[in-house]
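Have a look at the structure below, then the notes.
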Amino acid sequence: MSEHDYSTKHVEYVAPEPTAEEQAELDDMYARMDETYMKPLWRQIGGLMPNTPEPSAVAHKWDWEELYKLAQRSGELVPVGRGGERRAIGLANPGLGGNTYISPTLWAAIQYLAPGENAPEHRHSQNAFRFIIEGEGVWTVVNGDAVPMKRGDFLITPGWAFHGHHNIATEPMAWLDGLDIPFAHQMDSGFFEYGTEKLTDESTPEYSRSERLWAHPGLRPVAFPGRTISSPIGRFAWDHTDKALSEQLALEDAGFPGVVSPGHAAVRFTNTTTGGDVMSTIRAEFHRLRAGASTTPVHEVGNRVFQVFEGSATAHVGDEVFELRHGDIVNVPSWKKWHIEAGTDGVDLFCFSDHPIFEKLDLARTYTPEGI
Ligand code: 1HN
């Protein structure tokens with residue numbers, strides 16, 4: 001709960017009624033300000049400093065079937081290669097002026113790679129991840145480490161790591177990409193470089209080197225002490241995530257703590273050298289709700305994006321209600337009250353957010369109107 005009263009409202013400034021002469025002078029002054037790129041605060045404070053965040057981004061749902069069909073069509077019509085770099089279709093929030101921003105900070109896209117195709121290597125300072133909603137057969141090569149991509153896996157490509165992908169299977173594959181592109185773009189902090197067109201490692205190991213070294217619970221290699229900016233684990237394999245979630249619910253059944261709230265299990269992907277988020281700007285989590293369970297309604301500074309992995313759910317965001325099935329994506333704009341209710345078979349949900357940005361800058365706030 002918060003000590004703040006979020007119901008206070010801005011007072012509209014009412015200027016004293018000017019005489020005709022004064023009005024002419026005022027008009028002239030405002031015109032001159034306009035011509036010289038100046039703006040008086042008294043005409044805009046309410047918009048600049050709302051009592052609580054008033055995001056331009058709106059809550060929106062993208063239908064997986066529709067996304068997949070269009071990705072498939074683009075696979076038939078548009079080649080992938082140097083220049084375009086990726087056959088990725090970005091999700092453009094209807095409130096963000098036609099930019100490919102799902103939120104003011106985050107990019108989300110569906111990427112499609114047909115059998116035998118290569119997405120050439122490049123690197124950028126923007127952080128990226130992939131979440132694999134279905135399929136397998138693609139390996140991504142991150143700084144020379146070949147990383148398998150399989151159903152349920154979460155993979156990271158930290159900023160400035162070279163990366164390219166190839167599909168060695170007989171089936172096409174589509175997955176979700178998330179990046180902090182809008183944040184980098186709006187802050188003018190982005191850098192980009194091409195790498196090789198041919199992947200630096202075309203092997204197809206069952207586990208990446210990063211997993212072989214780092215992905216053993218509670219153990220780290222003594223040869224690599226110290227902290228890394230992003231997680232040293234490049235791939236969080238689904239079987240670990242699945243097990244961690246089922247154990248939380250099994251412990252709940254046995255009367256032990258572990259779940260977030262009744263019937264709501266959740267894990268966060270972490271940088272094992274710090275215990276913090278996998279990357280400096282992006283948080284990633286996996287949530288599992290039993291049938292009939294619901295998350296606690298909350299307002300939060302920052303932006304979330306959910307993708308349904310299995311099952312079905314109803315998302316409530318502000319006054320809107322979205323029915324979600326496998327693969328569907330929905331976003332929660334900053335400070336919009338949200339909660340998610342599981343459908344009749346429960347739901348598995350992948351979630352990513354920009355919350356680390358606000359936490360690092362001491363700008364994070366949450367408010368649970370109904371208490372916890
Ligand atoms: C990118 O490099 C990838 O590496 C995916 O798979 C999506 C969107 C914009 C810019 C670069 C990738 C991207 C991207």
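Counting convention: from 1, in listed order, for ligands and their atoms alike.
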(request) Mark yes or no: R43 above the aromatic ring of Y30, with NZ or CZ under 6.0 Å from the six-membered ring centre and no more than 45 degrees from the axis. (result) yes
(message) Only heavy atoms of D177, strictly under 4.0 Å: list the atoms of ligand 1 that pass.
(response) 5 (C), 7 (C)
(request) For atom 13 (C) of ligand 1, find the nearest protein heavy atom and state the residue, atom name and distance (0.1 Å precision). (result) L179 CD1, 3.9 Å
(message) So, 4.0 Å and heavy atoms of Q111: is ligand 1 close enough to count as a contact?
(response) yes
(request) Output the list of atoms in ligand 1 that are nearer than 4.0 Å to some heavy atom of W107, sorted by atom number. (result) 8 (C), 9 (C)
(message) Students should be able to answer this: which protein heavy-atom is nearest to atom 6 (O) of ligand 1, and at what distance?
(response) H165 NE2, 2.6 Å
(message) Parallel, tilted or perpendicular: which one describes the rings of W335 and Y367, with boundaries at 30° and 60°?
(response) parallel
(request) On the 0 to 90° scale, with breaks at 30° and 60°, tag the W214-F224 ring pair as parallel, tilted or perpendicular. (result) tilted
(message) Just to confirm my output: which protein heavy-atom neighbour is closest to atom 3 (C) of ligand 1, and how far is it?
(response) R86 CG, 3.5 Å
(request) Taking only Lys NZ, Arg NE, NH1 and NH2, and the carboxylate oxygens of Asp or Glu, determine whether E35 and R32 approach each other closer than 4.0 Å. (result) yes
(request) Just jot down the ligand 1 atoms closer than 4.0 angstrom to any heavy atom of I181, in number order. (result) 8 (C), 9 (C), 10 (C)
(request) Consider every N or O of H122 and every N or O of ligand 1, then say whether any pair is closer than 3.5 Å. (result) yes
(message) Checking contacts here: is it the side chain or the backbone of T157 that comes within 4.0 Å of ligand 1, counting heavy atoms only? Could be both or neither.
(response) neither
(request) Have a look at F154 and tell me which of F131, F269, W175 forms a ring-ring contact (aromatic ring centres under 6.0 Å, His included) with it. (result) F269
(message) One thing to verify: whether K61 and E66 come together as a salt bridge, which I'm taking to mean a side-chain N less than 4.0 angstrom from a carboxylate O.
(response) no
(message) Tell me if the aromatic rings of F129 and F350 count as close, with their centers under 6.0 Å from one another.
(response) yes
(message) Quick test: of every protein heavy atom, which one is nearest to atom 11 (C) of ligand 1, and how far off is it to 0.1 Å?
(response) H124 NE2, 4.0 Å
(message) For Q126, state whether at least one heavy atom is located under 4.0 Å from any atom of ligand 1.
(response) no
(message) Within the supplied structure, the quantity of interest is the number of heavy atoms (other residues, nucleotides, ligands) at a distance under 6.0 Å from E17 CD; does it exceed 12?
(response) no
